[in-house]
Every structure is written in structure tokens, then in C-alpha cells.
Amino acid sequence: MQLSLYNTAARAKQPFESLNPGVVGLYCCGPTVYHFAHIGNLRTYVFEDLLRRALEAAGYSVKHVVNITDVGHLTSDADTGEDKMEKGARREGRSVWDIAEYYAQAFFKDWKALNLLEPTAWPKATDHIPEQIALIQDLEKKGYTYFVENDGVYFDTSKFPRYPDFAKLDIEGLQAGSRVAMADKRNPTDFALWKVSPSGAQRQMEWDSPWGRGFPGWHVECSAMAMKLLGETLDIHCGGTDHIRVHHTNEIAQSECSTGKPFARYWVHGGWLLEAPDDSGKGAGKMSKSAGEFVTLDVLIRQGYSAMDYRYFCLTAHYRNYLNFSYQGLDTARDSLRNLRKRTDPLIGKAAPANSGRAREWKSRFLEAVGDDLNFPQALGILNLMLKDPDLLEGERAGLVAAFDKLLGLGLTVAEAPVPQADLPEDLKPLLAERAAARAAKDWARSDAIRDQFKAAGFVIKDNKDGTAGWSAI
RNA sequence: GGCGACAUACCCAAGUGGUAAGGGAGAGCUCUGCAAAAGCUUUAUUCAGCGGUUCGAAUCCGCUUGUCGCCUCCA
């Protein structure tokens with residue numbers, strides 16, 4: 001299968017080839033565990049899971065790394081703003097370590113519920129302080145840093161002429177906008193590599209370093225951990241589009257100035273989940289964790305949706321496009337998945353080799369869509385058409401569903417736990433037999449009256465072919 | 001102020017130069033005592049608007065309008 005990916009670095013779709021044959025190093029920026037992940041965060045992890053599955057389908061062995069950022073970062077590059085971990089700890093009256101552990105566990109639970117494949121490694125920032133210090137020292141030795149007294153070590157972006165290229169930054173424009181906090185930085189785009197704890201202020205997380213007790217800057221962890229686990233040049237680095245401008249630009253600067261080698265060969269970024277506009281068409285906007293109000297997977301589950309409903313919802317839009325979240329949209333996804341399962345559930349366990357020319361044709365159409373920069377919306381369309389193709393044998397159809405689901409990850413080859421049938425109130429139970437008798441006697445008035453009675457109690461009667469009646473809650 | 005993205009049917013959404021996938025919802029038909037379920041059929045001469053390039057444009061170019069994002073932590 002041929003795989004092309006949109007590479008942000010080139011602003012173009014490019015055929016994917018790994019640096020080393022058969023193996024792919026994939027680094028995905030993970031969560032900062034100071035709060036629950038919201039469904040917008042999760043959309044990106046779903047996209048990365050689809051990428052990983054596509055790579056595996058293309059025959060690669062994938063080394064997949066997702067970091068856990070458990071160090072608090074300030075909310076700006078200057079000394080202003082609050083540390084998010086410490087803020088979370090204060091909010092909940094617990095230690096930052098407890099906070100990190102609690103939200104990391106919550107994150108893993110969402111990960112599993114969404115059927116995301118387990119990464120090869122989940123490195124934590126706090127477990128890699130020495131690696132981060134070593135990287136900063138290397139940059140210092142090579143002359144890319146400067147120290148600001150009582151503040152910290154900064155990366156001097158003016159020493160890296162290619163700095164603006166990746167994000168196509170307009171440095172002049174940044175200065176003109178004058179919305180960049182300068183503090184004691186030499187250039188507006190300079191960023192902290194190590195922050196020295198302010199004298200007198202006791203932080204819950206701090207470490208000794210050659211520059212004094214403090215904590216690492218908020219971009220250096222990804223470079224340090226990615227290069228440690230995947231080598232100096234990654235095949236693919238992923239994240240949300242918001243990371244392009246600052247985080248990934250800074251990662252490139254510090255990594256490439258240290259190694260002299262390209263940091264990542266393909267940069268693949270997922271689009272935003274937006275909150276749908278209201279009825280007037282206004283009010284759409286990014287779902288933002290730091291803004292406070294957000295929807296989590298748990299919130300959806302409590303409202304009766306499944307994690308797979310949300311996964312399907314993500315599958316219906318291309319990963320690079322904005323996706324508007326609305327409950328109406330989620331309802332559509334749920335209904336679609338339900339209808340899909342009605343057709344695939346009877347095929348479970350019946351998979352046979354899909355070797356006919358017809359079957360191979362469907363498979364290649366499906367893989368072609370996936371290989372074309374992960375066009376899963378189109379792949380879903382192909383699945384639907386395949387299920388309606390009268391020229392396929394049942395076993396072949398089942399085999400194709402199984403093959404497609406390896407990419408989709410919707411769990412179509414596993415029977416869902418049956419929905420528990422709503423318990424009928426005791427007083428209604430005898431009426432079922434009475435209605436069966438009425439129907440046998442063609443007493444339709446009585447039969448319908450009983451149905452109305454059920455309806456009033458909140459149940460819908462469904463007549464089966466064999467004369468018995470089933471029911472479900474309204 | 002600077003940079004950028006998007007605009008396709010009632011809704012969601014593919015398609016990026018060769019004559020509009022797919023899904024949801026709705027409608028009709030079949031089946032059924034009636035329902036439900038299921039099956040079948042059906043729903044854009046048209047892609048925000050206006051110009052241009054071309055034999056040919058939803059796709060390329062220009063302008064206009066609208067929505068959104070980034071420029072500050074953020075998936």
C-alpha cells in the first residue's frame with residue numbers, strides 16, 4: 001500500500017518513506033496532565049492512531065512514542081503567568097505529583113476506551129530531567145543560549161537563521177504587533193530552556209541544575225525524549241496545528257542546533273475540533289483546555305454515547321480539516337455506526353479469505369483512500385458500498401470488514417455487549433400474553449389498546465415473526 | 001495590525017481540471033391486521049457571490065462577502 005502524507009514542513013502531500021527500511025519512528029506530543037483531556041485533544045490522538053494503523057498496514061513496524069508532560073509550565077514565555085500544574089494542585093488541594101498521576105490515569109482510560117493502540121513508550125518529562133539538562137548544556141556549549149540573572153537560560157533564536165521557515169513566521173510582524181512579552185529576552189521569539197526558581201518561592205517540582213535550582217522550559221522535554229527514544233532524526237512528528245508556530249518551531253531550533261541533523265522528516269498536524277456555532281451561525285470556536293469549560297469523553301458517555309460513537313464521529317471528517325462538534329453531529333455518528341453494525345454484526349466470525357478479484361478490488365480501493373493522506377471519510381464510504389455489493393460472498397464480505405476494521409479501529413469484529421432489555425413493570429407482563437391471544441383472535445382493537453397502554457408506560461412493543469412480542473424503552 | 005484556513009443538498013462530509021462519493025435525516029414502495037424491524041427506490045443540471053483562464057472549472061487565477069484559527073499556555 002502506498003502512503004502519502006501532508007507534510008507541514010513542505011506544505012504539500014508527499015509519498016512517505018521511512019529513514020530505515022521497515023521501521024518508523026513516530027513521536028506524538030502528548031497531554032499536559034493538569035486536567036482532563038477534552039474531546040478536542042482526543043480528536044488528535046484518534047488521528048494519530050489512524051496514522052499508526054495506516055503505517056502498520058503499509059508494512060512498517062512502528063515505534064510510537066507519546067509523552068506525558070507532568071512538569072508545570074508557565075502560561076507565557078516571559079516570567080508572567082501561572083504554572084498550570086501548580087494551579088491544578090491548588091484548585092484541588094493536592095500535590096502536583098498526585099495531580100499528574102490522577103490525570104495521567106484518566107487519560108489512559110480515555111485512550112483505551114477509544115480503542116487507541118498502546119504506544120511503544122509513554123515517557124514522562126519528570127523522568128528525563130538529566131536528558132533535558134544535557135541537551136541544554138550542549139546548546140550552551142555551541143553558543144546558542146544566554147543566561148538572564150534570576151530568570152533562566154534562553155535559546156537565542158537569532159542564532160538560528162532558519163527559525164522562521166517552518167511556521168513561515170513574519171518576525172517583523174510579530175514585533176509590529178507588540179503583543180509578545182519580552183521580559184529580558186533578546187528577541188521576541190526566544191524561549192526558555194531552563195527556568196530558575198524565583199528566590200523565596202518554593203515550587204513543588206524543582207531540580208538542581210548547572211544554572212541553579214529550577215525546572216526545564218516547556219519545549220525541551222519533547223526534543224530530549226524524542227531523540228533519546230527514537231534517534232536524532234524522527235520519521236514523523238505529530239501534534240495539533242497549534243503546535244506548529246511555537247512548540248514545534250522551537251523543538252526544531254533546539255534539536256537541530258544540537259545535532260546538526262534534521263529533527264523530523266515528516267511533520268503531520270491534526271485540525272481542530274470546534275464547538276459548533278449556535279442557531280444564528282455565530283459562536284463557533286476552538287475548544288480550549290485552559291479556558292476552563294470543556295467537554296470530556298466521560299461527559300459524552302454519561303449522556304449515553306459510547307466512545308466508539310465519538311471515534312466514528314472523528315472518522316467522518318478528514319483529519320486536517322476543522323470538525324464542528326455538536327450533539328446533533330454526534331447523534332448522526334451514533335446512528336450511522338448503529339446502522340453500520342446492523343450490517344456487520346451478522347458477519348462476525350464468518351470471515352473467509354477474500355481472494356476473489358472482486359474482493360481484492362474493494363480492499364485496494366479502501367487502502368488507496370487510507371493511503372491518500374488518511375482519507376478515512378472516503379474509506380468509510382467505500383466500506384458502505386462494499387457492504388451493498390451483491391457480487392461478494394458472505395465470507396469475503398466478513399473478511400473485508402475485518403481487514404478494514406484493522407484500520408478503522410471501530411471494533412466491528414467483536415460483538416457488542418447486548419443492550420440490556422428494559423425491565424417491564426410487573427403489571428404489564430400479563431398483558432403480553434393477553435395481547436398475543438387477542439391477536440390470535442384478530443381482536444385488533446384490544447391488541448392496539450394494549451400497545452397504547454405500554455406506550456403510556458414508556459415501552460414500545462415490537463412484534464416478532466413467530467408471534468411473540470419484544471419491547472424496548474422509549 | 002500581521003499571517004493563514006475554510007465556504008459543496010435539510011444536516012455531516014469526500015471530491016482539487018473531465019462533467020457532484022458516502023453517511024444521517026426525510027419521502028415513496030414492498031412486507032405487515034396496524035405498527036416496529038428489514039429490504040428496495042428516491043432527494044444538488046449544481047459546489048458563498050462576481051469576473052477571468054480553458055475545448056472543459058466545485059477544482060486554477062483575481063476581487064467581494066461570510067465564518068474561523070494563529071500571532072500568549074493550548075491537540
Side-chain angles (χ1 to χ4, degrees), chain A residues 11 28-32 34 37-48 69 72-78 80-84 87 167-181 188-189 218 238-247 269-274 276-277 281-291 294 312-313 315-318 320-324 326 328-340 342 369 372 375-385 388 439 442-445 447-448 451 455 460-465 469-472:
Chain A
R11 297 293 196 278
C28 302
C29 284
T32 301
Y34 69 100
H38 60 62
I39 58 176
N41 300 131
L42 296 175
R43 181 192 178 197
T44 297
Y45 302 113
V46 170
F47 134 63
E48 289 161 354
T69 297
H73 295 324
L74 302 186
T75 51
S76 88
D77 264 323
T80 58
E82 282 183 289
D83 179 303
K84 287 189 289 191
K87 189 178 168 189
K168 301 204 185 301
L169 292 176
D170 172 8
I171 305 290
E172 304 291 317
L174 279 178
Q175 285 163 330
S178 77
R179 287 185 57 190
V180 178
T189 48
W218 36 103
C238 292
T241 50
D242 61 310
H243 277 156
I244 296 170
R245 196 132 192 154
V246 176
H247 186 53
H269 292 99
W272 292 108
L273 181 77
L274 301 176
K282 306 247 175 179
K286 189 176 78 171
M287 196 172 287
S288 173
K289 192 146 84 166
S290 52
F294 52 82
Y312 189 98
F313 178 72
L315 248 12
T316 63
H318 187 90
R320 276 198 290 119
N321 288 154
Y322 295 119
L323 174 58
N324 283 316
S326 68
Q328 193 195 2
L330 193 56
D331 285 344
T332 296
R334 178 179 57 191
D335 292 346
S336 301
L337 180 56
R338 241 179 227 169
N339 289 341
L340 177 63
K342 277 180 201 162
D372 181 15
N375 196 335
F376 276 90
Q378 194 176 67
L380 233 31
I382 291 165
L383 168 61
N384 275 301
L385 290 171
K388 285 192 280 196
R439 294 185 71 219
K442 296 190 189 294
D443 181 356
W444 311 126
S447 167
D448 290 347
R451 192 193 345 246
K455 196 175 173 187
V460 175
I461 289 185
K462 297 171 181 175
D463 292 323
N464 300 319
K465 279 205 163 67
W471 66 89
S472 63

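Values below: all heavy atoms of this structure, side chains included; hydrogens, waters and symmetry mates excluded. Chain naming here is simple, since letters A, B, ... match the order of the sequence lines and numbering starts at 1 in each.
Of the possible polar contacts, none joining the A:Asp372 side chain to the A:Asn375 backbone as a donor-acceptor pair under 3.5 Å is found. For the pair A:Arg43 (side chain) and A:Trp272 (backbone), a donor-acceptor distance under 3.5 Å is present.
In this structure, CD of A:Gln378 is placed 11 Å from C1' of B:rA13, rounded to the nearest angstrom. As a whole-Å value, the separation of A:Gln328 CD from B:rG23 C1' is 14 Å. Counting to the nearest Å, the P atom of B:rG22 and the CG atom of A:Leu315 are 18 Å from each other. Separating the CH2 atom of A:Trp444 from the C1' atom of B:rC34 is a distance of 8 Å, rounded to the nearest angstrom. For the pair A:Arg320 CZ and B:rA14 P, the computed distance is 11 Å after rounding to whole Å. Summarising the geometry, the separation between NE2 on A:His243 and C1' on B:rG69 is reported as 15 Å, rounded to the nearest angstrom.
Phosphate proximity of B:rA75 to A:Asn41: present, with a side-chain N or O under 4.0 Å from OP1 or OP2. The shortest distance between the side-chain N/O atoms of A:Asn375 and the OP1/OP2 oxygens of B:rG15 is below 4.0 Å.
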For nucleotides 38-42 of chain B, which of its nitrogen or oxygen atoms have a protein nitrogen or oxygen under 3.5 Å away, and what is each distance?
from   : atom 1 : to       : atom 2 : distance (Å)
B:rA38 : OP1    : A:Lys342 : NZ     : 2.8

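Note on A:His318: only backbone sugar-phosphate atoms sit closer than 4.0 angstrom, heavy atoms only; bases stay farther off. As judged by a 4.0 angstrom heavy-atom cut-off over every strand, A:Asp331 is placed among residues making no nucleic acid contact.
Taken to the nearest 0.5 Å, the CG atom of A:Leu273 stands 9.5 Å off from the CG atom of A:Leu42.
With C1' as the reference atom, B:rG49 and B:rU67 are 15 Å apart, rounded to whole Å. For the P atom pair drawn from B:rC11 and B:rG51, the interatomic distance equals 26 Å after rounding to whole Å.
Helical stems of RNA chain B (runs of at least 3 Watson-Crick or G-U pairs, donor-acceptor distances under 3.5 Å) are listed by first residue: B:1-7 with B:65-71, B:10-12 with B:22-24, B:26-30 with B:38-42, B:48-52 with B:60-64.
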